[in-house]
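Here's the structure we're looking at; comments come further down.
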There are 2 protein chains.
Amino acid sequence: MFKLSKKADYGLIAVKHLALHRGDHAFSANEIAEEYGISATLMAKVLQKLAHKSIVAAKHGSSGGYQLSKDPSQISALEVISAIDGPVLITSCVTNHGNCDATERCSVKEPLRRVNESILNVLSSVTIAQMSSEDPHEPSLVALRT
Amino acid sequence: MFKLSKKADYGLIAVKHLALHRGDHAFSANEIAEEYGISATLMAKVLQKLAHKSIVAAKHGSSGGYQLSKDPSQISALEVISAIDGPVLITSCVTNHGNCDATERCSVKEPLRRVNESILNVLSSVTIAQMSSEDPHEPSLVALRT
DNA sequence: CACATATACGACCGTTCTAGTCGCAGTTAT
DNA sequence: ATAACTGCGACTAGAACGGTCGTATATGTG
């Protein structure tokens with residue numbers, strides 16, 4: 001019911017960690033997992049997905065690990081989330097791919113599509129760089145114009 | 001992964017239906033369910049939840065049914081969704097209720113809280129009345145100020 | 001070259017959440 | 001009184017998610 005998966009959560013934590021330690025050596029999944037008290041194997045799995053989408057770069061071998069492949073200001077929260085959880089769709093039938101058996105009759109499809117768009121806007125406007133800035137009294141990352 | 005539950009979907013459909021037929025007789029769960037090809041018992045369950053939160057008013061007995069208890073412009077999508085699915089929280093630990101075992105170390109909690117707030121804003125700014133207006137070329141219900 | 005250490009990948013379980021059903025009690029119009 | 005309807009809670013089946021494990025593979029080091 002409208003919740004981020006834990007894996008996406010972990011992904012954001014990992015990416016933010018890498019952003020804060022940019023320029024340092026590569027971090028192994030183990031290292032990051034220990035830092036936040038998360039299962040190492042699970043963190044590895046999450047990082048694999050991020051590597052697959054080229055958000056982080058994996059380096060094999062001993063003293064290997066992961067590094068950001070882009071600048072933190074160029075990575076949006078949406079990228080990280082959808083890399084792990086797949087595309088963000090608030091309903092199953094916003095994509096017109098006909099999985100909704102009542103496409104004709106369903107009257108809320110179009111309004112929800114617009115809401116979905118708004119949420120995508122919110123998520124894509126938040127960058128990892130913003131999430132890493134420690135400024136706590138920034139009033140609000142995104143505000144609404146009605 | 002960030003999806004509206006089907007029940008919330010059905011709830012929105014039902015509320016919108018009632019909004020469009022305001023002033024008519026009360027609609028039974030059966031009637032609405034048939035109209036959209038949805039399981040009647042499930043629709044009944046959804047409407048019960050909406051009635052519990054006083055979004056719709058139930059009328060017992062024969063020729064009974066449901067009616068909106070408020071003006072469609074006074075009902076937000078957020079109200080309907082959270083009535084059915086519970087509070088909208090994108091992570092399990094935004095509420096400070098300490099179910100996150102790594103509250104200290106978790107570095108993404110605060111940024112995500114802000115994102116969550118933005119989404120709540122989006123959802124609460126969309127009313128049933130807006131969803132019922134048939135204007136298709138309204139550019140966007142909500143836009144972003146960055 | 002051989003070894004230690006790292007990721008890559010996929011199969012695999014247990015638990016939790018969701019969709020959907022059923023039966024019974026309570027309420028109202030006729 | 002009775003028929004038709006909702007209210008409500010327990011219940012089942014199935015999918016999704018969180019998390020683990022084992023194996024294959026790549027790489028730096030002695």
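Proteins come first, then strands; the chains are lettered A, B, ... in the order of their sequence lines, and each starts at number 1. Since the model is a prediction, treat every value here as computed from it, not as a measurement. Below, each value reflects all heavy atoms present in this structure, side chains not excepted, and no hydrogens, waters or symmetry copies.
Rounded to whole angstrom, the span from the CD1 atom of Ile55(A) across to the C1' atom of dT7(C) amounts to 17 Å. One interatomic measurement links the two molecules: CD1 of Ile38(B) to P of dT21(C), which rounds to 12 Å at whole-angstrom precision. To the nearest angstrom, P of dA13(D) lies 18 Å from CG of Leu42(B). dA8(C) atom P lies 11 Å from atom CG of Leu50(A), rounded to whole Å. The interatomic distance linking Lys49(A) (NZ) with dC17(D) (C1') rounds to 11 Å, in whole Å. Between the NE2 atom of His60(A) and the C1' atom of dG28(D) there is a distance of 13 Å, given to the nearest Å. Residue Glu31(A) contributes atom CD, which lies 14 Å from atom P of dT5(C) at whole-angstrom precision. Whole-Å rounding puts the Lys7(A) NZ to dA16(D) P distance at 13 Å.
Of the charged side-chain nitrogens involved, none lies within less than 4.0 Å of a carboxylate oxygen, so that Glu117(A) and Arg114(A) do not count as a salt-bridged pair.
Among the heavy atoms of the strands lying under 4.0 Å from Lys45(A) is at least one base atom, whether or not backbone atoms are also near. Using a 4.0 Å heavy-atom criterion, one finds that Ala29(B) contacts the sugar-phosphate atoms exclusively.
Gln74(B) places no side-chain N or O within donor-acceptor distance of the main-chain N or O of Asp71(B), the cut-off being under 3.5 Å.
Contact annotation: Ser62(B) side-chain N/O to dT27(C) OP1/OP2 distance is not under 4.0 Å. Look at Tyr66(A) and you'll find a side-chain N or O under 4.0 angstrom from OP1 or OP2 of dA8(C).
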